[in-house]
Amino acid sequence: MKKIIAKTAIALLLISAASISLSCSKKASARIPEKTAPVSFAGCRSSSYGIRPFPSTDEWLKYAAKISEQFPGSAPAFVWIVGHVEGNGTQKGCILNFPLEKPIEGVCDFPADENEAFLTLCDQKGYQVWLQVEPGDADIVELAYQTMKRYKNHPSVKGFGVDVEWYKCGNTDGYGTPLTDDVAKAIDKAVKKADPRFNYFAKHWDENWMPETYRSDIIFVNDSQGHGSLAKMQKGFKAWADHFAPNTVVYQIGYEADANFWGKMENPVKEIGDVLAEGVQENQNCGIIWVDFTLKKVMKKIK
């Protein structure tokens, strides 16, 4: 009788463990938002070095809205760079445009916050914002945590962003250091420690610089350029989407290196965006972000 009870108890424990495991698995996969439109969010990238003169907050909001209008059902969005890389060939630091709560080695912060007013307006307008850094040699995990902790009270802020091209980038010929599974997981835990609703994106043009197996709800951003034609761009970006499915993918486009074909289009944002969105999988979200280097030029083309 005792053996029967013991076996029954063990079986119940195994069933319970399996249920918990299944529940956790479902919860993890459920973090990837359900697809509601061919392009889920669309807008532009902002950096301190990519556009001159730097637009006002109202201008930025108009730019993102105009791009989003090209894709019905999409939310206006920004990749908003809050930290850029600087330094010599071997050592690279991160320069922030806001003050840190506590110092991080390799990071130079700024005493005044240059993002609050912008983010407050994005809150009011219902825009979506990912706060990106070019980390250099800084502790990317601590940088992710402090950034997201500072801005977690803004509903417009959806997550963090790391440009892997500039991660431990000294003497890497402009490629940066690949993001390992362990580092990717640690960043994920850090942003969710700041607020469980946050995710983050990893950006590069080579899938081999992305975490090999760790996925969670990471957004994978492709910023490749110099494709030569829209057909070649579509082929490369489709391969990116297939590789990271079902995770959300974002295409950062509009570089001068591709102006040979988009410069001839009547509405490059819509024409390119529609083609690229066709290449993602049925259950996969897609974002379109136009880079700020040519933003003013392309705005003149949008009807």
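Distance check: Arg150 CZ to Glu116 CD gives 6.0 Å after rounding to the nearest 0.5 Å. Note that CE of Met233 and CG of Leu276 are 6.5 Å apart. Values are rounded to the nearest 0.5 Å. Here OG1 of Thr147 is found 4.5 Å from CG of Leu143. Values are rounded to the nearest 0.5 Å.
Between the side chain of Asn285 and the main chain of Ser40, no donor-acceptor pair closer than 3.5 Å is present. The backbone N or O of His227 lies less than 3.5 Å from a partner atom in the side chain of Asp258, making a donor-acceptor pair. In this structure, Lys92 contributes its side chain and Val85 its backbone to no donor-acceptor pair below 3.5 Å. Looking at Gln234, its side chain never comes within 3.5 Å of a backbone N or O of Gly279 through a donor-acceptor pair. Counting only distance, with no hydrogens or angles, the side chain of Gln124 and the backbone of Leu121 share no donor-acceptor pair below 3.5 Å. Side-chain atoms of Asp217 never come within 3.5 Å of backbone atoms of Asn199 as a donor-acceptor pair (strictly under, hydrogens ignored).
Looking only at atom types and distance, the side chain of Gln91 has no donor-acceptor partner in the side chain of Asp137 under 3.5 Å away. Using a 3.5 Å distance cut-off with no hydrogens or angles, the side chains of Asn115 and Asn97 do pair a donor with an acceptor.
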For a quick test of your reading: what N or O donor-acceptor pairs under 3.5 Å do the side chains of residues 160-175 make, sequence neighbours left out?
from   : atom 1 : to     : atom 2 : distance (Å)
Asp163 : OD1    : Glu165 : N      : 3.2
Thr172 : OG1    : Cys169 : O      : 2.7
Thr172 : OG1    : Gly176 : N      : 2.9

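Taking the ring centre of Phe198 as origin, the terminal cationic atom of Lys158 falls outside the region bounded by 6.0 Å and 45° from the ring axis.
Using a 4.0 Å cut-off between charged side-chain N and carboxylate O, Lys297 and Glu256 make a salt bridge.
Residue pairs that meet the ring pair (Phe, Tyr, Trp, His ring centres under 6.0 Å) test with at least one member in residues 244-297, sequence neighbours left out, are Phe220-Phe244, Phe237-Tyr251, Trp240-Phe244, Trp262-Trp290.
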